[in-house]
Amino acid sequence: RLNSMRKICIYMSLCLVVLFTSCQKVIKLKVHDSDPIIVIEALYNANKEEVFVKISKSINVFDEPQFPSITGAVVEIFDENGVSSTLADQGDGTYLLSNYVPVFNSVYKMRVQIQGEEYTSSDRLMPVVPLDSIVADFEPFTPMGEGYVTFLSFMDPVGPNYYRAI
């Protein structure tokens, strides 16, 4: 009987050792460096009535996460009637147009000129969806630990949309 208990203990110990140890395999990614490209990020904030553009250059995967900013660009937006507004260079790679009140459901175009190169884009400015309510509840058990979970309530407009909460 003592012998069988010893076998069970040894078997359980081996199972625990196997369970709590793991193999490790180093995977070397074949990531090639590439030349930096220009990255243009643009946002219209309806609450602040401002257009914000950030211009930088991309970096390689394993570089320090500091993206080189680009200053000295000319950034303009055009409404459907062709009226242009120029964004002010903030000197840190960001460009700003304050007190801008656009017409929603209109197509706007943006033109960016950087060192003799021109980049253009266009998009329809959709109206802001009003929130009916915002509720924050404290949750002790969430996938990211305890904390507040926010619930937004609104009437989603009919048709395709690409709304996001910021």
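Keep in mind that this is a model prediction, so the values were computed, not measured.
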For A73 and I114 the tightest heavy-atom approach is CB-CG1, 3.7 Å
At what distance, to the nearest 0.5 angstrom, does CG of L96 lie from CG of N45? 10.5 Å
At what distance, to the nearest 0.5 angstrom, does OG1 of T150 lie from CD of E139? 10.5 Å
Joint hydrophobic cluster, F52 plus Y108, side-chain heavy atoms closer than 4.5 Å: no
Taking D137 for the side chain and V149 for the main chain, is one N or O donor matched with an acceptor at less than 3.5 Å? no
Atom OH of residue position Y148 - does it have more than 12 heavy atoms of other residues, nucleotides or ligands inside 6.0 Å? no
I'd like to know if I40 and L87 are part of one continuous hydrophobic network [Ile/Leu/Val/Met/Phe/Trp/Tyr, side-chain heavy atoms within less than 4.5 Å]. yes
Can you tell me how far CD1 of I70 sits from NZ of K57, rounded to the nearest 0.5 angstrom? 5.0 Å
What's the separation between atom CG in D33 and atom CG in N60, rounded to the nearest 0.5 Å? 4.0 Å
Which atoms form the tightest heavy-atom contact between T86 and L97, and what is the distance? O-CD1, 3.9 Å
Counting only heavy atoms not in D132, do more than 12 sit closer than 6.0 Å to its CG atom? yes
Close side-chain approach of V103 to E80, heavy-atom, < 4.5 Å: no
Measuring from E49:CD to Y44:OH, what's the distance to the nearest 0.5 Å? 5.5 Å
What's the shortest heavy-atom distance between P65 and I59, and which atoms? CA-CD1, 3.8 Å
Should Y119 and F78 be regarded as members of a common hydrophobic cluster, given that ILVMFWY residues are connected when their side-chain heavy atoms come within less than 4.5 Å of each other, either directly or indirectly? no
Treating Ile, Leu, Val, Met, Phe, Trp and Tyr as nodes and any side-chain heavy-atom pair under 4.5 angstrom as an edge, say whether Y95 and L125 lie in one connected cluster. yes
Hey, does M126 have a side-chain heavy atom less than 4.5 Å from the side chain of N105? yes
Just by modelled atom types, is the V83 backbone N or O under 3.5 Å from a matching donor or acceptor in the N81 side chain? no
Quick check: closest heavy atoms across S85 and Y100, and the distance to 0.1 Å? OG-CE1, 3.7 Å
Which is it for I38 and E117 under the side chain to side chain contact (heavy atoms under 4.5 Å, CB included) test, yes or no, and what are the steps along the way? CA-CA 11 Å; I38 292 174; E117 294 286 326; 5.9 Å; no
What's the separation between atom CD in Q90 and atom NZ in K54, rounded to the nearest 0.5 Å? 13.5 Å
Heavy-atom pair with the smallest gap, counting every atom of D92 and T71: N-CG2, 3.9 Å
Just wondering, more than 12 heavy atoms not from E64 lying within 6.0 Å of its CD? no
Note: S69 and G93 closest approach over all heavy atoms is CB-CA, 3.7 Å
Side chain to side chain, I77 and V53, heavy atoms closer than 4.5 Å: no
